[in-house]
Amino acid sequence: MAKIDLVRNLGVVAHIDAGKTTVSERFLFHSGKIHKVGEVHDGETEMDWMEQERERGITITAAATTFEWKKHEIHLIDTPGHVDFTIEVERSLRVLDGAVVVFCGVAGVQPQSETVWHQADKFKVPRLAFINKLDRVGASFPAVVADIRERLGANAVPVQLPIGTEDAFNGVVDLLTMKALMFSGDVTEAPAVEEIPGDMAATAADARDQMIQSLADLDDGIAEKYLEGGEIPEADLKAAIRKATIGVKMIPVLAGTALRNKGIHPLLDAVIDYLPSPADLPPVQGVDPRNTSEKLSRSPKNNEPFSALAFKIAMDEGRKVVFMRIFSGTIEAGAEILNVRTNRKEKVARLFRIHAAKRERLEKGVAGEIVAAAGLKDATTGDTVCDPKAPILLERIDTYEPVISQAIEADNAAAKERLDFALGKMAEEDPTFRVKEDTDTGQTIISGMGELHLEIIVDRMKREYGVQARAGKPQVVYRETVLAEADGTATFERDLKEQPIYGEATCHVKARPRGSGMEFKKQLPASAALIPDVIVQAALQGLKDAASSGPDGYPLEDVEVTLTHVAIRDGANGEIGARAAASEAFRRAVQAAHPVRLEPIMQLEVTVDDEYMGAVIGDLQSKRGQVQDVTNIGTKRVVKAQVPLRQLFGYSTSLRSATKGGATFSMQFGSYDTLQSA
């Protein structure tokens with residue numbers, strides 16, 4: 001078991017296709033964890049272990065593994081780059097101490113790299129940037145560094161310079177040691193340390209000077225030595241870079257091409273030199289669940305009370321495994337821990353250290369580690385688990401609302417049971433996946449973040465659970481709102497033998513700004529003071545019940561609802577009466593306030609060659625898209641637009657045919673807006 005300052009919890013994040021998984025595979029090979037290098041394009045990688053990942057050549061789930069490098073224990077998570085699986089990245093970043101962000105040397109900062117970057121900013125995660133694929137035609141290290149500075153607003157500081165471009169890329173200049181590291185391209189060989197090529201001496205000296213100036217702006221010690229004009233020792237520079245990186249004040253930039261085995265050794269060294277151990281970070285903050293105004297913190301020490309965050313649920317041969325990051329204290333197999341959300345104790349049956357799809361048994365997990373636990377029945381993503389004697393509630397992980405749904409049905413009654421079981425297990429694993437029964441049609445409706453997300457879920461059900469199910473066409477998840485304001489009044493009266501029921505209610509509804517949510521309040525006349533509070537609460541509950549769906553049956557949003565009158569009759573059951581009357585009054589008010597349907601609008605970004613740009617923009621306009629911006633990246637154009645989701649089903653196929661396969665796109669949910677008639 002490594003000492004805590006020799007541990008690194010690290011994520012590899014990037015846009016789809018920038019080369020994250022290849023970087024992760026090389027890490028494992030060089031550390032001796034695997035003895036054969038798997039390639040994404042051959043479907044043979046360790047980290048993409050799901051069949052669906054190997055077939056599609058993309059990463060779907062965040063895979064965790066542990067390996068050693070120079071006496072350090074590195075816990076690595078390879079995350080997905082596809083926007084449909086953004087929750088996987090978000091929940092990984094929440095529990096990691098550092099990240100390697102991989103950029104493509106040709107495409108630079110791509111849409112999903114921006115999303116990931118902002119997620120890392122949100123959790124203040126220290127980062128290294130690795131510019132990959134520098135052997136490709138059109139690759140440019142300086143252009144990507146400039147791109148990171150401009151588009152991400154990051155203080156990107158190169159600590160290396162590539163030697164040679166495109167096919168001739170074969171080494172890097174280390175600006176700290178001022179030596180050249182030459183790569184043979186053989187996966188088993190360490191880089192050879194040589195003198196800097198003569199024609200690069202001046203460029204390298206300039207780049208080192210710029211690096212030192214950047215550090216001098218952040219570090220007084222370096223600034224003094226720089227102004228004195230003396231030679232600054234390598235150890236001082238390393239310490240200054242480490243401090244600035246951990247403080248998220250600078251991003252060291254490294255160069256390489258993972259597929260050709262160039263640049264991986266120095267990148268692993270940089271992980272150890274510049275990214276934090278759990279001990280370098282401030283104590284994790286939380287609150288006392290019994291009194292949420294009382295702030296608590298836990299230091300990453302083994303002698304503190306145990307606290308951990310469950311950040312991922314996976315099913316392993318039908319059994320539930322909970323991935324957790326231990327922030328403080330230790331945990332042993334067989335221990336009882338408290339799930340703060342349910343306020344129940346649970347027993348950890350077994351502990352594991354994970355290596356992609358394989359695992360090794362652990363007797364004990366310690367502060368700073370990422371481990372997997374079996375036996376926790378109720379834990380879900382974002383739950384805090386801790387020592388029952390010292391409860392603490394850590395900040396939850398945000399989840400996203402699904403924007404697309406489709407009906408799914410089993411072939412027969414026996415298969416229906418298996419289908420429900422499989423869907424329940426998957427909803428437990430994935431907080432962005434929802435399952436519900438449509439009360440009108442009796443159909444099972446599944447909802448997710450995009451077409452690919454739902455396609456993978458249906459595919460996994462067949463393979464992992466043996467459930468043959470038919471999925472309908474994807475449907476958009478609509479919402480409803482009102483555009484005007486109106487009142488509604490209703491009286492509810494029923495004569496029952498035991499006790500009559502009576503209630504009357506009036507409410508006022510009006511539109512709220514888009515995205516501001518629902519608001520319920522009461523504004524009753526002074527005479528209503530005689531009405532028992534339980535009746536008023538029942539009427540408010542009636543309003544809330546009715547607000548769960550609008551006239552077309554979709555959830556309502558952005559409406560202010562005010563209860564303005566409620567009355568009951570002596571001798572009648574007023575609670576049921578007021579609740580039913582308020583529900584009906586609300587429905588009448590909404591009908592009178594000009595109800596409309598809202599649809600999800602997606603933020604779309606298309607990267608395309610100049611010659612096809614007209615075709616792409618024309619196509620987007622025919623889909624009622626609004627083009628907001630067109631920018632240049634190298635020789636390509638980037639078109640940003642807002643387009644209704646329902647117009648984008650099958651967009652990848654139509655884009656490929658319009659551009660002869662020469663364009664890529666990414667989209668993510670933007671906002672809900674009024675549905676235009678097509």
Side-chain angles (χ1 to χ4, degrees), residues 289-293 340-344 378 401 434-442 445 478-512 516-598:
R290 296 158 300 193
N291 171 16
T292 50
S293 59
V340 179
R341 180 179 55 85
T342 61
N343 200 22
R344 280 216 197 89
D378 295 337
E401 288 303 311
R434 310 282 163 83
V435 183
K436 70 173 198 303
E437 192 122 321
D438 187 315
T439 42
D440 299 333
T441 63
I445 306 291
Y478 292 108
R479 299 270 194 273
E480 293 184 65
T481 192
V482 297
L483 295 182
E485 47 187 299
D487 291 297
T489 299
T491 303
F492 185 86
E493 191 168 8
R494 285 278 185 287
D495 273 334
L496 294 179
K497 292 193 179 85
E498 301 82 46
Q499 188 183 30
I501 297 173
Y502 181 86
E504 50 190 77
T506 303
C507 73
H508 180 77
V509 301
K510 71 174 186 182
R512 297 187 76 204
S516 56
M518 298 292 290
E519 187 180 10
F520 296 90
K521 41 194 206 182
K522 53 181 199 251
Q523 219 168 354
L524 297 169
S527 57
L530 300 171
I531 290 175
D533 189 51
V534 65
I535 301 295
V536 175
Q537 292 307 320
L540 282 168
Q541 191 54 49
L543 295 177
K544 287 176 186 160
D545 292 346
S548 63
S549 65
D552 287 348
Y554 297 106
L556 272 160
E557 340 208 279
D558 306 337
V559 181
E560 182 184 287
V561 190
T562 310
L563 179 68
T564 55
H565 165 75
V566 62
I568 50 174
R569 192 183 280 166
D570 285 347
N573 184 329
E575 239 178 283
I576 298 174
R579 188 166 174 168
S583 288
E584 184 51 36
F586 176 81
R587 279 191 276 275
R588 290 177 184 176
V590 167
Q591 282 290 10
H594 195 56
V596 292
R597 210 184 281 186
L598 298 170

Are Val590 and Pro551 close enough that some pair of their side-chain heavy atoms sits under 4.5 Å apart?
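Yes, their side chains come closer than 4.5 Å.
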Less than 4.5 Å apart, any side-chain heavy atom of Arg569 and any of Glu493?
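Yes, their side chains come closer than 4.5 Å.
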Measure the spacing between [atom1] of [X] and [atom2] of [Y] and express it to the nearest 0.5 Å.
X      : Y      : atom1 : atom2 : result
Lys522 : Thr562 : NZ    : OG1   : 12.0 Å
Asn573 : Leu496 : CG    : CG    : 9.0 Å
Arg434 : Ile445 : CZ    : CD1   : 15.0 Å
Leu598 : Leu556 : CG    : CG    : 9.0 Å
Arg512 : Glu557 : CZ    : CD    : 11.0 Å
Lys510 : Asp487 : NZ    : CG    : 11.5 Å

Scan the side chains in residues 527-537 for donor-acceptor partners under 3.5 Å anywhere in the protein, sequence neighbours excluded, and list what turns up.
none

Give me the atom names and distance for the closest heavy-atom approach of [X] to [Y].
X      : Y      : result
Ala572 : Ile501 : CB-C, 4.3 Å
Val561 : Phe586 : CG2-CE1, 3.5 Å
Val566 : Ala539 : CG2-CB, 4.1 Å
Ala505 : Ala585 : O-CB, 3.6 Å
Ala547 : Phe520 : CB-CZ, 3.6 Å
Ala486 : Ala589 : CB-O, 3.6 Å

Donor-acceptor pair, [X] side chain versus [Y] backbone, under 3.5 Å?
X      : Y      : result
Ser583 : Gly542 : yes
Asp495 : Pro500 : no
Glu480 : Tyr554 : yes
Ser548 : Lys544 : no

Note: Glu584-Arg588 ion pair, threshold 4.0 Å (strictly below)
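The answer is yes: the pair qualifies as a salt bridge.
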Report the C-alpha distance between Thr489 and His565 in whole Å, list the side-chain angles of each, state the deciding distance to 0.1 Å, and finish with yes or no for side chain to side chain contact (heavy atoms under 4.5 Å, CB included).
CA-CA 9 Å; Thr489 299; His565 165 75; 5.7 Å; no
For atom CD of Glu519, decide whether the heavy atoms of other residues, nucleotides or ligands shown that lie under 6.0 angstrom number more than 12.
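For Glu519, atom CD is crowded (more than 12 foreign heavy atoms under 6.0 Å).
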